[in-house]
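By convention in this document, chain letters (A, B, ...) are assigned in the order of the sequence lines, proteins followed by strands, and residues within each chain are numbered from 1. The structure displayed is predicted, hence computed values, not measured ones.
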Amino acid sequence: MRMSAFFGKTLREEPAEAETSSHRLLLKSGMIRQVASGVYTYMPLAWRSLRKIESIIRQEMDAAGSHELRMPALHPLELWESTGRADAMGQTLFGLRDRRDRSLVMAPTHEEVVTQTVKANVHSYRDLPQILYQIQTKFRDEPRPRGGLIRVREFDMKDAYSFDADEEGLDRSYDAMVQAYRNIYRRCGLNAVMAEADSGAIGGKDSHEFLLPAESGEDLLIHCSGCDYAANAERAESVKPPLEHEEPLPLEEIHTPGMKTIEDLGVHLGIPAPKTLKAVFYACDGEVVFVTIRGDLEVNEIKLTRLLGCRELRLASPEEVEAAGLVAGSASSIGLEGIRSIADDSIRTGANFVVGANRPDYHVRNACYPRDIQPDVIADIAMAQAGHACPRCDSPLQADRAIEVGHVFKLGTFYSESLEATYLDRDGAQKPIIMGCYGIGVGRLLAAAIEQNNDEKGIVFPDAIAPYQVYLAALNVDDPEVMQAAGDLYRQLTGAGLETLFDDREESAGVKFNDADLLGLPVRVVVGPRGLRGGTVELRRRDESEGRSVELDGVADAVRSLLEGTAG
RNA sequence: CGGGGUGUAGCGCAGCGGCAGCGCGCCUGGUUUGGGACCAGGAGGUCGGCGGUUCAAAUCCGCCCACCCCGACCA
């Protein structure tokens with residue numbers, strides 16, 4: 001493609017609204033343009049890159065035995081009501097009405113429709129297993145779109161669904177998808193980490209996310225420095241730092257005027273956070289629940305929600321706390337009655353904790369479990385933190401922000417039971433089909449790739465997903481020799497099957513070098529009078545600091561060798 | 001939904017009661033040409049919208065809308 005005829009321009013100034021690097025670079029390179037909050041036009045450069053990602057995804061999904069189909073984006077609301085997800089999705093679901101006042105939704109995902117489709121086409125164990133996928137536009141009215149393509153309201157997703165007769169079959173389908181996902185990320189040049197993930201309200205036995213470490217990520221990846229344990233912080237387990245063994249001492253009340261936080265106690269009494277127990281009050285579907293956890297730990301609300309089996313969990317309001325007879329800032333579960341009491345298992349790790357005295361401005365020393373504190377339930381409800389020990393191998397855990405670029409999920413029979421998608425087994429018994437689902441956000445993958453591959457000058461595209469492979473820059477377009485040589489090279493490169501963006505614009509050398517760096521195509525070829533005097537041009541990989549001189553007639557071969565090994 | 005912020009030319013911004021501005025980009029001509037060149041001339045605006053105050057509103061007041069950031073939320 002000749003840049004003189006290309007559609008789309010790079011920006012000289014930094015886009016004002018962009019904070020994350022991928023958002024900034026996508027805008028500055030002219031790859032995307034915002035239409036509304038969380039809604040973007042993909043310009044030709046971005047679209048080429050996205051199509052390459054899609055192509056890799058298709059190849060790997062097909063190789064895994066999955067079949068591509070295409071489902072609609074417009075669904076009848078009734079279908080979503082039949083599984084209860086119209087309520088569950090809430091306002092995230094985009095809705096509209098047709099001319100006869102029927103309610104439709106813009107599909108955020110396709111479990112319902114695909115299950116309905118399979119129900120009509122699968123009747124026997126002989127029809128199973130099946131894995132179906134599509135690459136299709138999803139609509140989700142996110143409360144807060146952010147970070148350019150990181151979180152948007154309209155986006156393309158590869159969503160796949162597996163259908164099996166039994167759990168073993170589901171495990172095989174799941175493993176096949178996991179392997180396909182690993183291949184996809186590897187081929188895209190990305191080192192995504194497969195991490196244990198929360199399996200959500202529907203349950204199911206396994207769920208994993210593929211996380212790409214990046215500063216602007218919305219998720220926190222907990223991973224082990226010594227083994228391959230990795231989990232989303234929502235779900236991660238850890239061995240909490242132990243305390244030294246102590247003999248229990250008698251309870252002792254202390255005056256603590258104005259001290260309401262663990263920090264206050266530390267500053268004023270010299271008590272380290274792990275030697276305290278803090279009280280947190282939650283409203284679990286409206287019921288106030290008392291939660292006790294060691295002072296150096298944070299409550300993991302996802303774990304707590306699963307433990308309590310509640311639908312909505314939030315911090316209790318001050319009014320609810322007061323109505324329950326609790327003293328915020330000086331509460332403890334000592335002598336607590338009439339309120340469900342949950343404690344993190346960290347209360348077992350030590351003795352002689354400082355806790356609230358259940359009256360204002362007083363705390364108590366030397367509280368011990370189980371002598372003084374008897375919660376109804378003790379479980380792991382703490383956030384794993386960097387520095388905690390790995391639950392598998394005891395090495396220190398690390399924590400890194402990361403972007404979720406894929407999610408795989410063993411669904412079980414929730415949808416097949418709701419929609420009565422059954423099959424007859426060998427014995428003639430009717431059984432619900434066992435499902436899994438598997439998603440990759442295509443645009444988010446592009447954003448994450450840029451997030452992970454850039455420098456102060458611009459994007460450094462992984463070879464396989466770069467919009468073009470070669471940036472061919474002619475430095476002096478008014479010089480007939482230069483243009484002749486550049487034109488010949490353009491034909492040589494494209495003739496050799498190399499995707500080449502030919503910068504034949506009437507711009508200064510500096511502009512072209514800067515745009516080349518900004519766009520981040522893997523190989524840059526520079527044609528200028530200086531090199532031509534010796535019959536050479538300069539080749540340089542975007543991810544290397546040194547270029548090399550190459551004779552004119554060997555450029556295509558030289559470019560190919562620079563791309564080898566990483567080209568998709 | 002709570003908190004913070006921003007809306008003025010394609011992009012980045014100044015102006016904050018009295019003629020609509022600057023830089024970049026864009027167009028024309030010329031000179032340049034290996035890391036965002038220079039000179040001259042030019043085009044481009046419902047100042048987010050509606051209403052109010054005023055002789056006079058981009059500017060003051062009110063309401064609304066849009067967008068960004070933090071949080072909540074995110075099967």
ring-ring contact (aromatic ring centres under 6.0 Å, His included) with [X]: which residues, sequence neighbours excluded?
| X | value |
| --- | --- |
| A:His110 | A:His75 |
| A:His407 | A:Phe409 |
| A:Tyr185 | A:Phe210 |
| A:Tyr468 | none |

Looking at [N], I'd like to know if its phosphate oxygens (OP1 or OP2) sit under 4.0 Å from a side-chain N or O belonging to [X].
| X | N | value |
| --- | --- | --- |
| A:Ser508 | B:A37 | yes |
| A:Thr109 | B:A75 | no |
| A:Gln34 | B:C68 | yes |
| A:Arg144 | B:A72 | no |

Answer yes or no: does atom CD of A:Glu481 have more than 12 heavy-atom neighbours from other residues, nucleotides or ligands under 6.0 Å?
no
CD (A:Glu215) with more than 12 external heavy atoms under 6.0 Å:
no
Side-chain donor/acceptor of [X] to base of [N], under 3.5 Å:
| X | N | answer |
| --- | --- | --- |
| A:Arg151 | B:C74 | yes |
| A:Glu507 | B:G36 | no |
| A:Arg524 | B:G35 | yes |

Under 4.5 Å between any side-chain heavy atoms of [X] and [Y], yes or no?
| X | Y | value |
| --- | --- | --- |
| A:Lys512 | A:Asp515 | no |
| A:Met177 | A:Met61 | yes |
| A:Ile302 | A:Arg235 | no |

As a test of reading the structure: which of [options] is closest to the side chain of [X], going by heavy atoms?
| X | options | result |
| --- | --- | --- |
| A:Glu19 | B:C73, B:G34, B:C69 | B:C69 |
| A:Arg140 | B:G35, B:A75, B:A72 | B:A75 |
| A:Glu111 | B:G34, B:C73, B:A75 | B:A75 |

Geometric cation-pi criterion A:Lys138 and A:Phe155, 6.0 Å radius, 45° cone
no
Pairwise 5' ranking along RNA chain B for A:Ala18 and A:Thr92, keeping only the more 5' one
A:Ala18
Judged by nearest nucleotide, the residue sitting upstream toward the 5' end of RNA chain B, A:Pro143 or A:Val35, is A:Val35
Atom pairs, N/O to N/O, protein against nucleotides 27-31 of chain B, distance under 3.5 Å?
none

For the pair [X] and [Y], find out whether any cationic side-chain nitrogen is under 4.0 Å from an anionic carboxylate oxygen.
| X | Y | result |
| --- | --- | --- |
| A:Asp198 | A:Lys303 | no |
| A:Glu112 | A:Arg85 | yes |
| A:Glu218 | A:Arg146 | yes |

B:U46 and B:G30: how far apart are their P atoms, nearest whole angstrom?
33 Å
Name every residue in residues 473-492 of chain A that has at least one heavy atom under 4.0 Å from any atom of RNA chain B, in order of residue number, or write none if there are no such residues.
A:Leu475, A:Asn476, A:Asp478
Does anything in residues 9-16 of chain A reach RNA chain B, meaning a heavy atom under 4.0 Å, and if so which residues?
A:Arg12, A:Glu13, A:Glu14, A:Ala16
Side-chain donor/acceptor pairs under 3.5 Å, residues 280-287 of chain A, sequence neighbours excluded:
unit_1   : atom_1 : unit_2   : atom_2 : d
A:Tyr282 : OH     : A:Glu301 : OE2    : 3.1
A:Asp285 : OD1    : A:Arg311 : N      : 3.2
A:Asp285 : OD1    : A:Glu312 : N      : 2.7
A:Asp285 : OD2    : A:Arg311 : N      : 3.0
A:Glu287 : OE1    : A:Arg340 : NH2    : 3.1
A:Glu287 : OE2    : A:Arg340 : NE     : 3.1

Measure all distances between protein nitrogen or oxygen atoms and nitrogen or oxygen atoms of nucleotides 39-44 of chain B, and list the pairs falling under 3.5 Å.
none

Residues forming a side chain to side chain contact (heavy atoms under 4.5 Å, CB included) with A:Ala176, sequence neighbours excluded:
none
What nucleic acid atoms does [X] come within less than 4.0 Å of, heavy atoms only: base, sugar-phosphate, or nothing?
| X | answer |
| --- | --- |
| A:Ala36 | sugar-phosphate |
| A:Arg540 | base |
| A:Gly147 | sugar-phosphate |
| A:Gly531 | base |

Find the runs of at least 3 consecutive base pairs, i with j, i+1 with j-1 and so on, that include RNA chain B, using Watson-Crick or G-U wobble geometry with both distances under 3.5 Å.
B:1-7 with B:65-71, B:10-13 with B:21-24, B:26-31 with B:37-42, B:48-52 with B:60-64
Would you tabulate the side-chain donor-acceptor contacts of residues 439-449 of chain A under 3.5 Å, counting partners in other chains and residues two or more places apart, or write 'none'?
unit_1   : atom_1 : unit_2   : atom_2 : d
A:Arg444 : NE     : A:Ile150 : O      : 2.7
A:Arg444 : NH1    : A:Glu404 : O      : 3.0
A:Arg444 : NH2    : A:Ile150 : O      : 3.2

Can you check the A:Ile150 CD1 to B:C70 P distance for me, whole Å?
12 Å
Between P on B:C68 and CZ on A:Arg24, what's the gap in Å once rounded to a whole number?
18 Å
To the nearest 0.5 angstrom, please state how far the CD1 atom of A:Ile459 sits from the CD1 atom of A:Ile450.
4.0 Å
